[in-house]
There are 2 protein chains.
Amino acid sequence: MTALPLEDAGVAPEPRGEATRQRILDAAVRLFSEHGINGVSLRTITAEAGANSAAANYHFGSKKGLLEAVFERHASGIAAEREALLADCHDAPGRPPLLEQIIAAFLEPGMRGAHGGATFVRLRGRMLAESSDQTRELYALHFNDSSSRFLEALGQALPDLPAHDLHWRFHMLLGSMVYTLANPGRIQILTGQACDPSDPDAALGYLVPMLAQMFRGEPIPRSAATSTGMYAIHQTNR
Amino acid sequence: MTALPLEDAGVAPEPRGEATRQRILDAAVRLFSEHGINGVSLRTITAEAGANSAAANYHFGSKKGLLEAVFERHASGIAAEREALLADCHDAPGRPPLLEQIIAAFLEPGMRGAHGGATFVRLRGRMLAESSDQTRELYALHFNDSSSRFLEALGQALPDLPAHDLHWRFHMLLGSMVYTLANPGRIQILTGQACDPSDPDAALGYLVPMLAQMFRGEPIPRSAATSTGMYAIHQTNR
DNA sequence: AGAATATTCAATCAAGCGTTTGATTGAGTC
DNA sequence: GACTCAATCAAACGCTTGATTGAATATTCT
């Protein structure tokens with residue numbers, strides 16, 4: 001038989017070091033999300049990836065560089081898909097209401113399987129919580145644009161909602177999303193497995209309509225919101 | 001003058017090492033909440049507390065023990081105050097609606113100045129995010145009881161709300177609360193300082209009425225919530 | 001007073017960290 | 001076949017980590 005070149009068909013030429021690079025990235029996103037960024041060592045990551053302990057530094061310069069690469073890889077995909085879905089949102093018979101579409105377009109790319117899915121959401125939750133300057137910058141760099149765009153779209157879908165309410169409700173949307181996957185297992189304990197936030201479909205199935213309903217709710221009177229006395233009922237100590 | 005004993009009046013006898021102990025606890029809750037548990041060393045903590053580097057191990061046995069002591073100190077106060085406020089909730093003219101009272105009773109002790117306040121909330125957010133086995137146990141140990149009690153009270157205040165909705169909305173309440181203080185600064189960036197979640201009064205002033213409105217909202221139809229097709233609008237890839 | 005106890009301290013430990021090094025590999029180029 | 005060069009490797013670097021020690025010091029009890 002002649003020595004025919006394997007896999008010569010138009011597939012990726014694939015530079016040599018790329019495989020290791022990818023294995024390290026895969027191991028990193030998983031281990032970072034499981035144990036936190038300070039909670040896992042480069043040695044653990046490279047060992048998990050079946051690479052030499054110097055490989056991470058060789059390919060990414062430093063642990064910080066590795067984190068940036070991990071974040072970049074998934075975040076850019078999420079942001080891009082969000083924007084694509086948002087561009088596709090429109091009112092039409094047979095489709096859900098526009099508001100639900102927008103909310104789903106924001107939540108789904110980050111919570112479903114692609115782009116690291118639940119694993120990467122957990123990492124994002126961790127990074128928000130650890131919230132060093134570096135992580136804040138990464139977050140701002142990759143998500144500020146798309147978040148602003150969604151805020152704008154939500155505002156257009158709800159023209160009568162004051163900006164103050166819009167911002168706070170978006171804040172609660174973010175909180176619900178992050179808490180849902182950053183912290184799987186908490187509510188199951190409280191409720192005896194009644195609802196399962198770690199199942200993306202179940203979570204989205206509840207969060208999207210519930211959040212839409214929340215956004216549609218009456219504006220909160222500013223007077224009540226700013227007066228500390230009205231709902232800050234209990235002033236027991238200090 | 002006779003050498004009269006200072007402060008002999010029935011005040012605390014105060015064992016000798018207590019002062020150092022307290023300074024270490026204070027420094028620990030602050031530094032843990034600022035840099036994460038893995039992000040700060042015992043040396044940093046004891047230095048900040050003006051104590052010898054062995055003091056933390058002497059007083060708390062280990063870093064883990066120190067974290068437990070920190071958590072215990074603030075969490076028990078929060079849980080106790082929550083329950084006291086809950087016991088005081090009742091319908092009466094001149095008071096806010098019962099639902100608002102209950103939500104405020106749950107949120108206020110953890111978010112206001114006492115019991116470590118915002119600092120400790122940030123630490124709780126971090127611990128939830130880092131979510132090792134130890135932190136999960138601590139959390140469950142100190143908060144499960146009071147959380148269950150509130151879930152029950154909310155259920156009684158909303159007898160027509162299905163349990164499924166109740167649980168998910170409580171989950172969103174927790175998410176909003178944790179995200180609000182675990183992550184100060186994120187929404188300000190997006191909204192140009194329009195709303196300030198790091199101000200506990202402003203945050204409570206919005207969250208309490210908004211969450212009450214959310215709890216009062218119509219139940220989400222189970223069929224919609226479970227069908228992946230209805231609100232999971234976008235199924236682009238994978 | 002003196003004995004007993006509780007706390008502080010400087011010094012030290014082994015282990016683990018992120019990173020760097022210099023040699024080695026092996027596929028492409030001339 | 002000599003050369004290049006990105007990639008890998010074992011080994012070590014300097015440093016920080018949580019923890020421990022034993023002597024020194026302060027406090028309390030008798």
Side-chain angles (χ1 to χ4, degrees), chain A residues 3-8 11-29 31-32 34-71 130 132-135, chain B residues 3 5-8 11-29 31-32 34-71 127 130 132-135:
Chain A
L4 57 99
L6 301 174
E7 301 286 357
D8 199 307
V11 238
E14 172 106 5
R16 191 158 78 88
E18 206 55 24
T20 312
R21 227 186 117 96
Q22 289 299 324
R23 288 206 314 280
I24 293 178
L25 280 174
D26 287 339
V29 66
L31 291 171
F32 277 157
E34 273 173 31
H35 306 101
I37 292 141
N38 286 327
V40 69
S41 69
L42 286 182
R43 285 173 162 82
T44 308
I45 294 172
T46 49
E48 189 81 0
N52 186 271
S53 57
N57 283 290
Y58 175 76
H59 285 285
F60 304 100
S62 64
K63 191 178 188 180
K64 187 157 135 178
L66 173 59
L67 176 62
E68 284 173 14
V70 164
F71 198 86
E130 300 194 4
S132 68
D133 289 340
Q134 187 210 359
T135 63
Chain B
L6 300 173
E7 301 286 357
D8 199 306
V11 242
E14 172 108 6
R16 187 161 79 90
E18 205 56 21
T20 311
R21 230 186 116 95
Q22 288 299 325
R23 288 205 314 278
I24 292 178
L25 280 174
D26 287 339
V29 66
L31 291 171
F32 278 157
E34 274 174 30
H35 306 101
I37 292 140
N38 285 326
V40 68
S41 68
L42 286 181
R43 283 171 165 82
T44 308
I45 294 172
T46 49
E48 189 81 1
N52 187 272
S53 56
N57 283 293
Y58 174 76
H59 285 285
F60 304 99
S62 65
K63 191 179 187 180
K64 188 156 134 178
L66 173 59
L67 176 62
E68 283 173 14
V70 164
F71 198 86
M127 289 176 62
E130 297 194 4
S132 69
D133 290 340
Q134 186 211 0
T135 62

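Reminder, nothing fancy here: chain letters follow the sequence lines and each chain counts from 1. Nothing here was measured: the structure is a model prediction, and the numbers come from that model.
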Can you check the [X] [atom1] to [N] [atom2] distance for me, whole Å?
X: A/Tyr58; N: D/dA11; atom1: OH; atom2: C1'; answer: 19 Å
X: A/Ile45; N: C/dC17; atom1: CD1; atom2: P; answer: 11 Å
X: B/Asn38; N: C/dG18; atom1: CG; atom2: P; answer: 11 Å
X: B/Ile24; N: C/dT7; atom1: CD1; atom2: C1'; answer: 11 Å
X: B/Arg23; N: C/dT7; atom1: CZ; atom2: C1'; answer: 12 Å

Quiz prompt | Partner set under side chain to side chain contact (heavy atoms under 4.5 Å, CB included) for A/Ser62, not counting sequence neighbours | solution =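 Scan of A/Ser62 (side chain to side chain contact (heavy atoms under 4.5 Å, CB included), adjacent residues dropped) gives A/Lys64.
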Exercise. Only counting residues at least two apart or in another chain, list the ones meeting side chain to side chain donor-acceptor pair (under 3.5 Å) with B/Ser53.
Key: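 Residues passing side chain to side chain donor-acceptor pair (under 3.5 Å) with B/Ser53: none at all.
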Exercise. Identify, with sequence neighbours excluded, every residue that meets side chain to side chain donor-acceptor pair (under 3.5 Å) alongside A/Asn57.
Key: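 With sequence neighbours excluded, A/Asn57 shows a side chain to side chain donor-acceptor pair (under 3.5 Å) to no residue whatsoever.
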Exercise. Measure the shortest side-chain to side-chain distance between A/Ile45 and A/Phe32 over non-hydrogen atoms and say whether it is less than 4.5 angstrom.
Key: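 Yes, at least one pair of side-chain atoms sits under 4.5 Å.
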Self-check item: Side-chain heavy atoms of B/Phe60 within contact of B/Glu68, under 4.5 Å
Solution: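 No. Closest side-chain heavy atoms not under 4.5 Å.
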Quiz item: Taking OP1 and OP2 of D/dT8, is either one under 4.0 Å from a side-chain nitrogen or oxygen of A/His59?
Solution: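 Affirmative; the distance criterion is met.
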Quiz item: According to a strict under-4.0 Å criterion, is A/Asn52 in side-chain N/O contact with OP1 or OP2 of D/dA7?
Solution: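 False: A/Asn52 side-chain N/O out of range (4.0 Å or more) of D/dA7 OP1/OP2.
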Check the interface with nucleotides 16-19 of chain D: list each N/O to N/O pair with the protein under 3.5 Å, or write none.
unit_1	atom_1	unit_2	atom_2	d
D/dT17	OP1	B/Ser41	OG	3.2
D/dG18	OP1	B/Lys63	NZ	2.7
D/dG18	OP2	B/Leu42	N	2.8
D/dG18	N7	B/Arg43	NH1	2.6
D/dG18	O6	B/Arg43	NH1	3.4
D/dG18	O6	B/Arg43	NH2	2.8
D/dA19	OP2	B/Asn57	OD1	3.1
D/dA19	OP2	B/Lys63	N	2.8

Quiz item: Got a sec, which pairs hit salt bridge (charged side-chain N to carboxylate O under 4.0 Å, His left out) with one end in residues 38-53 of chain B, sequence neighbours left out?
Solution: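 Counting only pairs at least two positions apart or across chains, the salt bridge (charged side-chain N to carboxylate O under 4.0 Å, His left out) contacts touching residues 38-53 of chain B are B/Arg30-B/Glu48.
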Quiz item: When rounded to the nearest 0.5 angstrom, what is the spacing between CD1 in A/Ile24 and OH in A/Tyr58?
Solution: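 Between A/Ile24 CD1 and A/Tyr58 OH, I get 11.0 Å after rounding to 0.5 Å.
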Please enumerate all protein N or O atoms sitting under 3.5 Å from an N or O of nucleotides 22-24 of chain D, with distances to 0.1 Å.
none

Quiz prompt | B/Met127/B/Leu67 under side-chain contact (heavy atoms from CB on, under 4.5 Å): CA gap, chis, key distance, verdict | solution = CA-CA 10 Å; B/Met127 289 176 62; B/Leu67 176 62; 4.1 Å; yes
